[in-house]
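Structure first, commentary second.
In the text below, chain A, chain B and the rest are named by the order of the sequence lines, each starting its count at 1. Note: hydrogens, waters and symmetry copies are ignored here, and every other heavy atom, side chains too, is used.
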Amino acid sequence: MSTMSSIINTSLSGMMTYQTAIAITGENIANAETTGYTRQVVLLGTNSRSSPMGSQTSSGVQVLDVRRAYDQFCQAKVVASAWNLGKLEAEKKYLAYVEAAFDESEGSGLNEALSDFWNSWQDLVNNPSGYTERSTIVSRAAALADNFNQIAAELSRIQRETSSEIAAGVDEINTLISEIAGLNSQMIKAEAIGGNTNTLMDSLDTLTTQLASLIDLNTYQNDDGQVCIQLADGTPLVDGSSSWSMSAETDPATGLMEIYWNDGNGGTISVTEAITGGALGGCLEVRDEIIPGYLSDLDEMAATLMEEINSLLLDGFDLNGQPGVALFTGSGAGDLAVNPDLLSDPSLIAASAEADSAPGDATVALAVAELQDALTVNGGLSSFGDFYSALVGQVGTDVQTVETEYEQQTNLSAFYTNYLASVSGVSTDEEAANLVLFQQALEASARVITILQEIMETIIEM
Amino acid sequence: MRVTQRMMVENMKYWLAKRSESLYRAETVNGSGKKVNSPSDDPVSAQQILRDRTTLSAYGQYQSNVSQALNWIEAVNDVYETAYDLLEQAQEIATNQSAGDLETRNELISTMTGIQDQVLDLANTRYGGSYLFSGDQTPTRPFASETTVVGGTAEDIVFELAETASLVEIQIFDQSRTLVRTMTVSGGVAGTNTVTWDGLDDGGLVVEDGVYQYTVSASDSSGGPVASCPTYRGGAASKVIIIGENSSISINNDGGDIFGPALMAISQALSSLEADPFDAADLAEKADILSEALSAFLMDMTDLATAGARLTRAEERMAQLYDAAETRIADLETAEANAAAIEVQTLETAYEVTLETLSQILSRPNLLSLL
């Protein structure tokens with residue numbers, strides 16, 4: 001049998017419980033637009049009490065749990081998408097610069113310069129004892145060398161550009177790491193006093209996702225519910241309340257930024273190789289894999305051009321019957337230049353095969369002109385023009401591939417984000433409905449007390 | 001699936017972003033008039049376009065080579081035709097029966113000398129700063145009886161003789177036509193002869209540096225004249241014209257081949273006319289030699305015409321290939337104007353539809369406002 005006091009207690013528990021429920025609902029509504037906020041679901045359960053007789057009686061309602069509406073699997077997918085997307089975004093950005101370096105629009109690029117260069121040799125074949133034709137060859141050669149230099153210089157510049165992004169990224173990583181460690185230690189304290197850790201966990205998720213957009217990482221929760229983070233190769237960044245920082249230094253030998261992990265005792269380990277995802281991973285991929293590939297192709301082309309032409313000219317004889325000189329100096333695309341002797345005296349260009357047959361014999365000039373169609377590059381498989389157009393095609397394909405993968409990844413990221421939002425997002429309509437329900441339940445409980453009061457008065461007046 | 005208000009809005013924002021990107025791309029194609037604005041738009045086409053541009057440039061150059069060569073051939077042909085006429089005249093003189101008469105003969109000698117000078121001039125024709133018939137020694141005059149003295153050292157004196165001579169007299173003149181040295185050489189062979197000059201004048205003094213002209217007169221053992229003419233000083237190579245990939249035409253411009261026999265034939269006819277006593281039978285023989293020279297000349301002219309025809313055909317073919325390459329580039333590169341404009345309109349409409357959907361979502365009532 002219920003006593004008065006037990007009825008009051010029951011109703012009171014109702015009022016307090018529904019008050020809490022309204023508060024939680026209010027919090028959900030307030031945070032409907034907050035990024036990273038996971039809606040909280042109030043779990044109600046009966047207050048059960050055992051009587052002196054051993055039977056269970058119910059005595060009102062209690063809040064069993066305020067649970068985050070959360071999907072661990074989906075969150076993990078969101079984090080993984082973040083570093084994939086971050087990587088592709090960075091690659092897309094820098095590859096756009098690379099594509100611009102190979103500007104062949106309006107026929108003004110290296111392809112045109114190369115054609116003009118070969119044409120000037122044919123004009124020399126038409127008039128082997130000409131001075132003007134030699135002068136033209138020298139200026140076309142200079143223009144061609146300029147084109148090589150410019151592309152190589154731009155590619156190197158883009159490599160160095162990534163350095164500032166890497167440095168800024170490392171700074172942000174360090175900030176995030178220490179914030180996460182800080183939240184972890186708050187988590188322990190909050191759990192110790194039995195407080196609500198939902199907001200802390202929301203923040204930890206948000207920070208982890210932010211971190212993932214910068215680098216690829218392993219993340220797990222330890223037994224205390226703290227978030228632990230490692231680099232992809234297991235190097236620890238956050239373990240409970242402890243954290244380690246990263247740093248970025250320019251390697252004097254290469255002029256490029258290297259990334260280090262600090263062990264906390266003054267020691268550092270290079271972790272550049274370990275980072276393959278996130279914005280930093282994307283920067284490194286473009287800087288250390290993609291651009292060097294293009295540079296080496298350009299270098300191969302420049303070096304072969306230089307070698308083939310110089311060896312023909314050195315065996316020939318110039319306008320004055322003297323042995324020919326080299327046309328190009330340098331070692332690759334970056335430093336290809338015209339022999340300075342020729343800049344001041346183009347007559348040194350050899351066209352003839354013998355001293356006796358100079359200057360009217362065009363044999364050497366003809367041999368150089370025929371190099372245009374000779375298969376000299378790429379182990380004797382391509383002509384210069386074909387090699388270059390294939391390189392440009394490759395750049396285009398690489399950019400297109402990254403753009404396609406980026407599109408696909410944005411779709412995938414959107415899918416997981418959407419799914420997570422479906423589970424964790426606040427629906428103001430839902431919350432409004434709950435608000436009304438809880439309010440009515442609160443009023444009902446209050447009403448019980450009022451009725452009880454009336455009964456009490458009736459009894460007293462008897 | 002549980003869908004929140006926010007999800008609906010985010011979804012529409014996402015599609016709005018995608019639509020605007022498509023619109024941006026289509027507008028670029030429409031505005032630039034090009035389908036391929038950067039390699040990533042269509043890597044395969046981009047590569048093909050570059051290759052076609054290279055081809056186009058090459059064809060342009062081949063066309064230029066051919067047209068330069070055709071001009072050159074025209075110049076050479078003019079020379080050939082004039083020289084041929086002169087040779088014909090020389091042959092007529094040599095077969096003229098009235099050469100027996102002294103007065104007529106003197107006239108003929110004068111005419112023949114004139115022909116000899118003219119043919120020599122023709123052989124030494126210049127074209128654009130070089131000699132037409134010098135082979136690979138284009139700055140060197142093909143036929144000249146001259147020697148250069150530098151630092152007291154004189155170039156060798158070379159000349160052609162029609163047959164063996166027993167006595168050769170060489171007279172060396174300076175720029176002002178003053179005789180500075182007379183040399184007598186006993187013996188001379190048919191063909192090229194080389195005589196060294198020590199650079200001294202008749203007084204035994206070293207002559208000044210400069211260019212000196214010389215004349216040659218030779219006689220045989222019976223005192224009869226031996227014809228001489230200048231030796232070819234040029235080179236042997238031919239003119240090369242590139243008309244295509246690994247394809248070129250050679251045209252003979254070796255003056256020695258072309259004019260040597262003709263010059264010697266004229267010289268022989270001349271010395272036969274000048275001989276004292278005059279021998280009509282000998283002149284008739286020289287007429288035959290002139291006939292041979294004429295035939296050889298005709299063959300050279302035919303070769304030239306053949307080369308010219310080949311070049312003209314190459315020129316026509318090149319023009320067609322050039323047009324084809326240009327068309328191919330245009331096809332790959334140029335956006336079809338109407339299609340591009342329609343694409344922009346279609347995407348604009350799609351964008352507007354997405355905008356409308358978003359605005360509808362945003363203006364939907366929520367429960368709180370209804371309660």
Side-chain angles (χ1 to χ4, degrees), chain A residues 29 32-33 99-100 102 104-105 107 111-112 114-116 118-119 122-123 125-130 352 356-363 366 369-370 372-373 385-386 388-390 392-400 403 410 414 417-418 421-423 425-430 432-433 435-436, chain B residues 1-7 10-11 14 18 32 34 36-44 46-51 53-58 60-62 64-65 68-69 72 128-131 134-140 234-237 239-242 245-246 248 253 366-368 370-371:
Chain A
I29 292 177
E33 293 303 315
E99 194 179 28
F102 285 93
E104 292 291 328
S105 63
N111 198 49
E112 182 90 353
L114 195 57
S115 289
D116 286 347
W118 295 126
N119 286 350
Q122 289 197 30
D123 282 335
V125 169
N126 291 338
N127 186 15
S129 55
S352 313
D356 297 335
S357 61
D361 166 32
T363 309
L366 184 62
E370 286 178 344
Q372 178 174 17
D373 301 309
D386 284 350
Y388 182 70
S389 61
V392 173
Q394 185 62 51
V395 172
T397 306
D398 288 346
V399 172
Q400 204 186 47
E403 282 180 355
T410 49
T417 309
N418 234 22
S422 168
V423 172
V426 172
S427 164
T428 43
D429 292 343
E430 234 176 54
L435 198 60
V436 169
Chain B
M1 179 176 149
R2 179 178 170 271
V3 175
T4 66
Q5 169 87 329
R6 186 157 181 216
M7 278 167 68
E10 289 298 314
N11 194 29
Y14 172 78
K18 283 222 187 268
S32 71
K34 282 192 184 172
V36 185
N37 287 294
S38 52
S40 58
D41 288 341
D42 185 349
V44 173
Q47 190 172 343
Q48 188 57 42
I49 288 170
L50 279 185
R51 292 169 77 159
R53 287 223 189 102
T54 305
T55 306
L56 207 63
S57 177
Q61 182 63 35
Y62 298 147
S64 164
N65 295 345
Q68 283 182 54
W72 183 84
S130 304
Y131 289 100
S134 243
D136 50 38
Q137 296 304 309
T138 40
T140 311
K239 185 167 175 60
V240 175
I241 302 126
I242 302 176
E245 191 177 317
N246 288 322
S248 54
N253 60 349
N366 63 15
L367 186 55
L368 277 169
L370 290 175
L371 284 170

I'd like to verify something: which residue of [options] has the highest number of heavy-atom pairs under 4.5 Å with chain B?
options: A/Ile29, A/Val392, A/Thr363, A/Asp116; result: A/Val392
options: A/Ser357, A/Ala432, A/Gly393, A/Pro359; result: A/Ser357
options: A/Ser422, A/Ser427, A/Ala421, A/Ala369; result: A/Ser422
options: A/Leu366, A/Val426, A/Thr428; result: A/Val426

Within the side chain of [X], is there an N or O that forms a donor-acceptor pair under 3.5 Å with the backbone of [Y]?
X: B/Asn37; Y: B/Lys34; value: yes
X: B/Ser130; Y: B/Pro139; value: no
X: B/Asn65; Y: B/Ile242; value: yes
X: B/Arg2; Y: A/Gly425; value: yes
X: A/Ser352; Y: A/Asp361; value: yes

Residue pair A/Asp123 / B/Gln61: nearest heavy atoms and the distance that separates them: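 Looking at all heavy atoms of both residues, the closest pair is OD1-NE2, 2.9 Å.
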If you compare all heavy atoms of A/Gly360 against all heavy atoms of B/Thr138, which two are closest, and at what distance to 0.1 Å?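 Closest approach of A/Gly360 to B/Thr138: CA-OG1, 3.8 Å.
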Which bit of [X] comes within less than 4.5 Å of chain B, counting heavy atoms only: side chain, backbone, both or neither?
X: A/Pro128; answer: neither
X: A/Thr417; answer: neither
X: A/Val423; answer: backbone
X: A/Glu403; answer: side chain
X: A/Ala32; answer: backbone
X: A/Ala390; answer: both
X: A/Asp356; answer: backbone

With a 4.5 angstrom heavy-atom cut-off, which part of B/Asp41 approaches chain A: side chain, backbone, both or neither?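 B/Asp41 touches chain A through backbone heavy atoms alone.
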Can you say whether B/Gln68 sits under 4.5 Å from chain A via the side chain, the backbone, both, or neither, judging by heavy atoms?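 The side chain, not the backbone.
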Determine, for A/Glu112 against B/Arg53, whether the closest basic-nitrogen to carboxylate-oxygen distance falls under 4.0 angstrom.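 No.
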Is there side-chain contact between B/Thr54 and A/Leu114, with heavy atoms separated by less than 4.5 Å?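 Contact flag for B/Thr54/A/Leu114 side chains = no.
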With chain A as the partner, which of B/Gln5, B/Arg6, B/Gln48 has the greatest number of non-hydrogen pairs under 4.5 Å?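 It is B/Arg6.
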